[in-house]
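Just so you know, ligand 1 is whichever comes first in the structure, and atom 1 is the first atom listed for that ligand.
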Amino acid sequence: MGSSGGGLEWKLADHPKLPKGKTVAVVVLDGWGEASPNQYNCIHVADTPTMDSLKKGAPERWRLVRAHGTAVGLPTDDDMGNSEVGHNALGAGRIYAQGVKLVDIALASGKIYDGEGFKYIKECFETGTLHLIGLLSDGGVHSRLDQLQLLLKGVSEHGAKRIRVHVLTDGRDVSDGTSLGFVQTLENDLAKLHGKGVDAQIASGGGRMYVTMDRYENDWDVVKRGWEAHVLGDAPYKFTSAVEAVQKLREETNANDQYLPPFVIVNGNGKPVGQIVDGDAVVTFNFRADRMVMLAKALEYEDFDKFDRVRFPKIHYAGMLQYDGELKLPSHYLVSPPEIERTSGEYLVHNGVRTFACSETVKFGHVTFFWNGNRSGYFNPEMEEYVEIPSDSGIMFNVQPKMKALEIAEKARDAILGRKFHQVRVNLPNGDMVGHTGDIEATIVACKAADDAVKMILDAIEQVGGIYLVTADHGNAEDMVKRNKKGEPLLDKNGNIQILTSHTLQPVPLAIGGPGLLPEVRFRKDVPDGGLANVAATVMNLHGFEAPSNYEPTLIEVADN
Ligand SMILES: O=C(O)[C@@H](CO)OP(=O)(O)O
Ligand SMILES: [Mn+2]
Ligand SMILES: [Mn+2]
């Protein structure tokens, strides 16, 4: 099984009607959902002629697909979509119970405490401190507060006597300003543990976009700031309580939850209350991989040159999950990740489909690592080329809302016109990354930039007689305001709208076309609930293959007329 399997078991059946050898562009607009047109729908407000024409021009070749909740393996249909589960579904063609759900199950059954990972960290409980590091919110994208609460209860019942929590404030998957409440809740919980004889406190923290949770090596300084605060107990801001830290830093530095500077909690003598030292145990409690991999490397790798760690404590470290299936990182983990295997990318390279994938750094792993089932690297470097355009770093994306959309499109165009690849796959980040800033004006600019990029790619497909498939991984830019149950915008106490920085529950568009697509090809009518997991089989068809029988069904048919 896995990548080692060769020969017949990877051979896909020929599609009875669709030809092979066409160039297929697979375009994923990040954070681009479909919602009713109004002033908070930045996609609607923006000038997006290309995406509009896909919708208007070909009713049998444009549809919506589900991109949230159970359609992508999340616990409930109240869970918004996200890039990890969205790209996993797009690439794997099947719906896997995702990390968040597996952690829910392991905590509910108590099995989490029977596993190898927990036994490993437990070895430190007698003499060391247990450190928990992760995103503090109930967003459910990277972590969930109720899981942290259950874990705290569980570890203390299983013998942890000294616990330190290092919190990354959110404001991205949840509203800005909510971090204070999450920190208060956590402090109350920790105080209750005190009553049970467990010495438990928050020890350090910072905003998720500025401290610790960088991804795809965009900016190691982010992780360095986290290392200094969590491990070394060193940060520019010191407070005696985390509630005070969040309150004061928001007021005094004007930073929002996502970008709070790093802080350390100190005792009355100014000494940090929770440095990480030899003999301690560390758990990173995020279930989602991308924004924990860099910290995991810093915590686990003996040889490490990304920044000066100053000290490299001998600890027992476990991830909530194993974050990278290829690197086997971290080597210890509390819950086994979903076993996403035999993804469409792996099948296609075994069947002679040459693949090019590209995005800019902040989304690069989405069309490679997530697409391939949380596996880094190539399946076959001779058949694949992955190109990363360096993202801007050290700025908020509303400052440069066009991001690298044009550069990504140019790379895709060149790959298409070069005719070396059968599949050219990109992620266009704008709608999502700028949508997360909550800046409506900038998000409108972002949506136009993404639309321009789609146009460039579609023009190239036109030139080579190819096929395109355009879709998105989840919603974001199509709704920038929080709403009540009736769908009306919510106002704050000053009468201003409450900005929605997070993803949404909206479906996403799926469009196919191009001169290489037989005129008889259209969307089937019998898969009305189709979701992102149906896209892989669809793409395999566009390459002239039948999908494996265990894949979610294709969304297209060839009409006989
Ligand atoms: O930025 C991120 O980490 C998430 C939101 O938490 O967004 P996406 O799933 O689109 O990557
Ligand atoms: Mn996304
Ligand atoms: Mn996002």
Closest to atom 8 (P) of ligand 1 by heavy-atom distance, out of G81, G86, S83, is S83
| query | Can you tell me if R208 has a non-hydrogen atom under 4.0 Å from ligand 1? | reply | yes
Q) Under the side-chain hydrogen bond (donor to acceptor under 3.5 Å, both in side chains) criterion, do H230 and T212 qualify, and how do the steps go? A) CA-CA 9 Å; H230 315 319; T212 302; 2.7 Å; yes
In ligand 1, the atoms that come under 4.0 Å of a heavy atom of H366 are 11 (O)
**Message:** I'd like to check whether N82 has a polar contact with ligand 1, where a contact means an N/O of the residue lying under 3.5 Å from an N/O of the ligand.
**Reply:** no
| request: Check whether any heavy atom of K363 sits under 4.0 Å from an atom of ligand 1. | output: yes
For R215, the atoms of ligand 1 under 4.0 Å from one of its heavy atoms are 1 (O), 2 (C), 3 (O), 11 (O)
Note: ligand 1 atoms sitting under 4.0 Å from heavy atoms of V141 are 6 (O)
Looking at Y347, I'd like to know if its OH atom is crowded, meaning that more than 12 non-hydrogen atoms belonging to other residues, nucleotides or ligands lie closer than 6.0 Å. yes
Report the C-alpha distance between E360 and S391 in whole Å, list the side-chain angles of each, state the deciding distance to 0.1 Å, and finish with yes or no for side-chain hydrogen bond (donor to acceptor under 3.5 Å, both in side chains). CA-CA 5 Å; E360 63 173 275; S391 285; 2.6 Å; yes
Worksheet entry | K224 atom NZ, neighbour heavy-atom count above 12 within 6.0 Å | no
When distances are taken from atom 6 (O) of ligand 1, the protein heavy atom at minimum range is D173 OD1, 2.6 Å
Check: of E84, R291, R288, H436, min heavy-atom distance to atom 11 (O) of ligand 1 comes from R288
Taking only non-hydrogen atoms of H474 and a 4.0 Å limit, the atoms of ligand 1 in range are 10 (O)
So the protein N/O/S atoms within less than 2.8 Å of the Mn ion (ligand 2) come down to D30 OD1, S83 OG, D473 OD2, H474 NE2
